[in-house]
Amino acid sequence: MADAVTFSFSDTIAGYVTRFDSGTRLLRLKTADGREFDVSLAGDPSAELVRNLDEPYIDASGHIDEMLSPGRFLFVYGVHYPERGGGFDAKRLVFLGRGAEDYRFEEPSWWIKQIESLADFYKRAQFGDGPVDFTEYRTEIRLGGDKTASHVQETDTISRLVYGMASAYLLTGKDEYLEVAERGTEYLRKHMRVVDSEEDVVFWYHGISVDGDSERKLFTSEFSDDYDAIPMYEQIYALAGPIQTYRVTGDIRIKNDADATIRLFDKFFFDPEQGGYYSHIDPILFSADHESLGENAERKNWNSVGDHAPAYLINLYLATGDQKYADFLEYTFDTIADKFPDYKNSPFVQERFFRDWSHDTAHSWQQNRAVVGHNLKIAWNLMRMNSLKAKPEYEQLAKKIGEIMPAVGSDVQRGGWYDVVERLKGGDQEAYRFAWHDRKAWWQQEQAILAYLILNGTVGGDANLREARQAQAFYNTFFLDHDEGAVYFNVLASGTPYLLGTERLKGSHSMSMYHSAELCYLSAVYNNLLINGREMDFHFQPDPTNLPDRVLRVSPDLLPAGSVRIASVEIDEKPYTDFDADALTLRLPDVQGRVKVKVRLRPVTK
């Protein structure tokens, strides 16, 4: 085995400028973990400014020398040559802003513009220039937005599209997005919803297979991990889009569906003896311990316990203020804080369990492996819950995850966050091994960004702000598809798009518009309202008669009490004053039919 690298290769370095000599064309960069690299710019590399979706290329090649000021963070892509101890020749530089302290993704409208572009892409991909007809919806969407030959419509991917469109409406007030969200919700209710009057519950089909004018119901999951079972996470995500739409419209039918689905969870997935929720039930007896479930029998996991909150439950509470949803949230977060940490053995949480909460370390593909994004997702959602009901164990666990994860889950040289890694080191290993590859998925970048944004916005800290900026920088530099639109599923460690298999698709069982839109919505909220002290507008379109006492709740997320207040309200484009600025509520006029509501929220100066 050679002691040193003896071949050339291309790679990316993410770092902070410590020194630049314009005469020798040598740049020194310091990575996130403090290592320094000398980079040669003698080959006249190109340079550009990071750009949002739908923005043109912004060339900065003629401004390299003046922009390489100390402390600036940037990406350098180049070639490593194994000569004289190693050299790195830059080929491409990406700057994150015009000034050394400027980060374009912190511009007030950056994430709002991005969600508009995403919504336009998916609307065009699914419905073209014609009417919004969900019989034309397809789960699989190619890189450029074309549909594949598959005619399957999965419930969860429709719901995720609906979530994205409803979120886009909340931020923009564009009726075309709300139309897609509402028609998608109606389609789900008509084609994918099952009302069991005897048990007084609602459950959702996995999807339908469409063949011309006929459709075949797909009762159980077709996905390999969950085949021929009813997985909890599919029922959870069936609610994601409709509930975000409910926040906009107050349609009571949606809330009734959610309540009936929660009754399903409590009747058939809940374990009253050991606590928590099972991950799967069988389709005949609705039993969690039936032998047909195989290795999914009597199992609990992150998705069955933790995914309630981000997918629908926080949004359901925001829309209603109902204490029963707050209690459900508290129960799930208490369970997470109690059962998931395993820091005596690993820096990663445990994610899969048997009925008695003993660790399941041999399950299917996961074995004893960590999904990096799940750790970050726990930190993000714990801090949301901590704003609703503060508990020391919530904040302590969130902060602990935020402190230990960069060293074990992030790429400290190139930027970005990894996918699945071994929870334990083997033998004399110094690093936690990748389960299969060192690629980086779009949704795991989302969890990192939101975790560190909310940590910075609630408890502060330069380290949290630095991690948030680095994660946003990597995502906006490498995941935005400026050629075809929307975002890539995966990139290589260097940031180069990975376009093979299902990871080439913009729509699949794993990808619709949910994570990318959720990232836009909450990054806009956290950056503007919690961190940078900027006002934001939010849009609603309820029928006052649908809301108890005609009260509309407009809090954009679970934010620290007193951190935001209503600055102004317009109804049907006219000023309106019947609101409680601190409670983030307004009493709608006593009228029939829908009203258009625009609410401006203002951060409270600390």
Side-chain angles (χ1 to χ4, degrees), residues 52-53 105-123 159-174 176-178 180-181 184 237 239-249 309-319 376-377 380-381 383-384 387 442-443 445-454 457 468 471-472 475-476 479-480 486-487 511-532 534-541 553-559 563-564 584 598-601 603:
N52 209 345
L53 288 172
F105 42 76
E106 293 178 353
E107 294 170 2
S109 61
W110 177 274
W111 295 101
I112 299 170
K113 291 178 180 176
Q114 191 168 124
I115 202 172
E116 282 192 79
S117 183
L118 291 169
D120 291 343
F121 174 90
Y122 281 102
K123 183 175 183 289
S159 181
R160 286 168 168 143
L161 175 69
V162 167
Y163 174 94
M165 293 295 178
S167 300
Y169 180 81
L170 277 163
L171 290 180
T172 69
K174 289 191 173 182
E176 62 200 83
Y177 304 149
L178 183 56
V180 178
Y237 278 100
L239 296 177
I243 292 303
Q244 191 75 328
T245 306
Y246 173 61
R247 288 180 66 186
V248 176
T249 67
Y312 74 91
L313 193 52
I314 286 176
N315 291 322
L316 187 53
Y317 174 78
L318 290 171
L376 298 160
K377 198 172 190 179
W380 159 45
N381 283 283
M383 292 311 299
R384 300 169 88 186
S387 291
W442 95 105
W443 76 267
Q445 315 312 307
E446 179 213 4
Q447 310 309 315
I449 292 168
L450 297 183
Y452 288 105
L453 280 176
I454 199 169
Q472 290 174 94
Y475 181 85
N476 283 289
F479 276 88
L480 308 189
V487 300
M511 187 185 213
S512 185
M513 191 185 161
Y514 172 68
H515 286 294
S516 54
E518 182 181 54
L519 173 61
C520 290
Y521 178 80
L522 289 173
S523 291
V525 169
Y526 298 157
N527 268 306
N528 286 321
L529 295 179
L530 286 186
I531 297 173
N532 294 309
R534 301 188 183 112
E535 295 181 349
M536 281 188 71
D537 291 336
F538 295 88
H539 302 265
F540 304 85
Q541 201 172 134
R553 300 173 184 276
V554 299
S555 179
D557 194 41
L558 291 178
L559 304 177
S563 61
V564 175
L584 301 178
K598 183 172 82 169
V599 179
R600 178 158 296 176
L601 299 184

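Nothing fancy with the numbering, it's 1 onward along the sequence. Below, all heavy atoms of this structure are taken into account, side chains as well, without hydrogens, waters or symmetry copies.
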Exercise. Supply the atom-to-atom distance Y526 OH to L519 CG, rounded to the nearest 0.5 angstrom.
Key: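 Going from OH on Y526 over to CG on L519, the span is 10.5 Å.
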
Quiz item: Any side-chain donor paired with an acceptor under 3.5 Å for N315 and Y163?
Solution: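 Side-chain D/A pair, N315 to Y163: absent.
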
Practice problem: Examine the side chains of Q114 and N476 and answer whether a donor and an acceptor come within less than 3.5 Å of each other. | Solution: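 Yes, side-chain donor-acceptor contact under 3.5 Å.
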
Quiz item: Can you name the nearest heavy-atom pair linking Q445 to F479, along with the distance?
Solution: CG-CE1, 3.5 Å

Quiz item: Which atom names give the shortest non-hydrogen contact between P556 and L318, and what distance separates them?
Solution: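 Heavy atoms only, the tightest pair is O-CD1, 4.0 Å.
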
Self-check item: Ion pair E446/K377, N-O distance below 4.0 Å
Solution: no

Quiz item: Taking N532 for the side chain and N528 for the main chain, is one N or O donor matched with an acceptor at less than 3.5 Å?
Solution: no

Practice problem: Indicate yes or no for a side-chain donor-acceptor contact from R247 to the backbone of R553 under 3.5 Å, with no hydrogens or angles considered. | Solution: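 Not at all, since once roles are kept as given, no pair shorter than 3.5 Å links the two residues.
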
Determine whether [X] and [Y] make a side-chain contact, defined as any pair of heavy atoms from C-beta on separated by less than 4.5 Å.
X	Y	result
P310	Y514	yes
W442	M511	yes
M165	M513	yes
L480	N52	yes

Quiz item: Quick one: does NZ or CZ of R160 land under 6.0 Å from the six-membered ring centre of Y237, within 45 degrees of the ring axis?
Solution: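 Ring-cation test returns yes.
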
